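Model, not experiment: these values are computed from the prediction. Residue numbers begin at 1 in each chain, while the letters A, B, ... track the order of the sequences.
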Protein chains: 2
Amino acid sequence: MANSTPQRKLAQKAAPPARRPARRTRRALPARTTRQVSLDGLTDHLGYLVRRAQIWIFQDFIRTLASVDIRPGQYSALTVIKANPGLSQMALAQALGIERARVVHLIDALEARRLVKRQSSRHDRRSHALHLTADGQRAMVRIRDLALQHEKRVTDLVGAGNHKMLLRLFSVFAGS
Amino acid sequence: MANSTPQRKLAQKAAPPARRPARRTRRALPARTTRQVSLDGLTDHLGYLVRRAQIWIFQDFIRTLASVDIRPGQYSALTVIKANPGLSQMALAQALGIERARVVHLIDALEARRLVKRQSSRHDRRSHALHLTADGQRAMVRIRDLALQHEKRVTDLVGAGNHKMLLRLFSVFAGS
DNA sequence: TATTGTTATACTCTATAACTATA
DNA sequence: TATAGTTATAGAGTATAACAATA
């Protein structure tokens, strides 16, 4: 990431002190590079733009939640476990659309931090029932708060109306 | 990717023979899983949905261009080089928002396949001027055609009007 | 036989740092 | 001293395959 990331931008030039929210509808954003390079043939591919959007959004998320050391994948796991206490690793994998092998490492890390616990299921002794620990539930208050701060930044960026519309439009990809 | 990917779907259940294009406005898409797991608290995060959209779109892209063995990163490099013959690796990195170290490997692979060549610049003997080879220019015809087939699928999915709107809305992330 | 969780391997992408050759 | 390209390393994330325990 050369200089198109929020982290980099902040690192390279310290934020201008107490500048007031400029203009409202077009915040200065990823690149500040004076670029004369044409992206012709690329910017009419939605996948390319969605990719760049995802990178920007994730980096803002990571930076916003750095104080609690929670990354996007961990956040989504915690959120689904919180909403579905007792679900299995397999169910979590399916819900998130990731491999069950990946869930193992995800839960390993969260369990080591005492945010999540594996309980052996009585119905099916192969599977583990996932729960937030008491610590995990407490932590989720702050985590969720920071995540909403992040989401506010995204909302301000695209506009509240667009944000809502995008959520609806993209929900088809989440398998719901 | 459990079963939320186009590839998986095709692999797991052979497409129903010659079913006619169902309904037009809501193609059956990523998940066919009967899922009772709540994604509450997750589906109001644009980053999560954008991530899933990106995964889906990229997998369709990879599958569509499998016959020419071109991946999204390679496609974007080829496209920018085509539109800006003679640009340096540094300029390419900045335009795509990737690290210059990454460009090295990207160009290595494309040069090995004789699609791209590094020419030493006379103005600055540190830098390389990137060009498509004759082979590369010929290959780009088919590559671009396949990429447009892919894009058509994306357009059909979200709707032509939405597609156009999304391109405009997300262009802010491409640093343009 | 099939499924859940696990372990292991490999490959892509990202993030860094250090080196060289130029400028 | 700064920059362009290179090399190397480390960490996510992804894609697979195989295995043990259990169904």
Could you give the CD-to-C1' distance, from Gln59(A) to dT16(C), as a whole number of Å? 14 Å
Is the closest side-chain donor-acceptor distance between Arg51(B) and Gln54(B) under 3.5 Å? yes
Determine, for nucleotides 6-11 of chain C in 5'-to-3' order, which nucleotides have protein heavy atoms under 4.0 Å from the base (write B), from only the sugar-phosphate (write S), or from neither (write -). BBB---
Between C1' on dA2(C) and CE on Met90(A), what's the gap in Å once rounded to a whole number? 12 Å
Tell me the interatomic distance from Asp124(A), atom CG, to dT3(C), atom P, rounded to whole angstroms. 12 Å
For Gln89(A) and Arg118(A), does a side-chain donor sit closer than 3.5 Å to a side-chain acceptor? yes
Here the distance between atom C1' of dG5(D) and atom CD of Glu111(B), to the nearest Å, is 13 Å
Geometric class of the Trp56(B)/Phe173(A) ring pair [parallel <30°, tilted 30-60°, perpendicular >60°]: tilted
Any luck finding a side-chain donor-acceptor pair between Arg125(A) and Ser120(A) under 3.5 Å? no
Would one find a side-chain N or O of Arg51(A) under 4.0 angstrom from OP1 or OP2 of dT14(C)? yes
Keeping to residues at least two apart or across chains, list the ring pair (Phe, Tyr, Trp, His ring centres under 6.0 Å) pairs with something in residues 115-153 of chain A. Phe61(A)-His150(A)
Tyr48(B) side chain to Arg52(B) side chain, donor-acceptor N/O pair below 3.5 angstrom: yes
Atom CZ of Arg71(A) and atom C1' of dC13(C) are separated, to the nearest Å, by 12 Å
Rounding to a whole Å, what distance do you find between Ile107(B):CD1 and dT7(D):C1'? 17 Å
Mapping Arg122(A) and Leu106(A) to their closest nucleotides on DNA chain D, which lands nearer the 5' end? Leu106(A)
Does Arg126(A) get its side chain close enough to the base of dT3(C), under 3.5 Å, for a donor-acceptor pair? yes
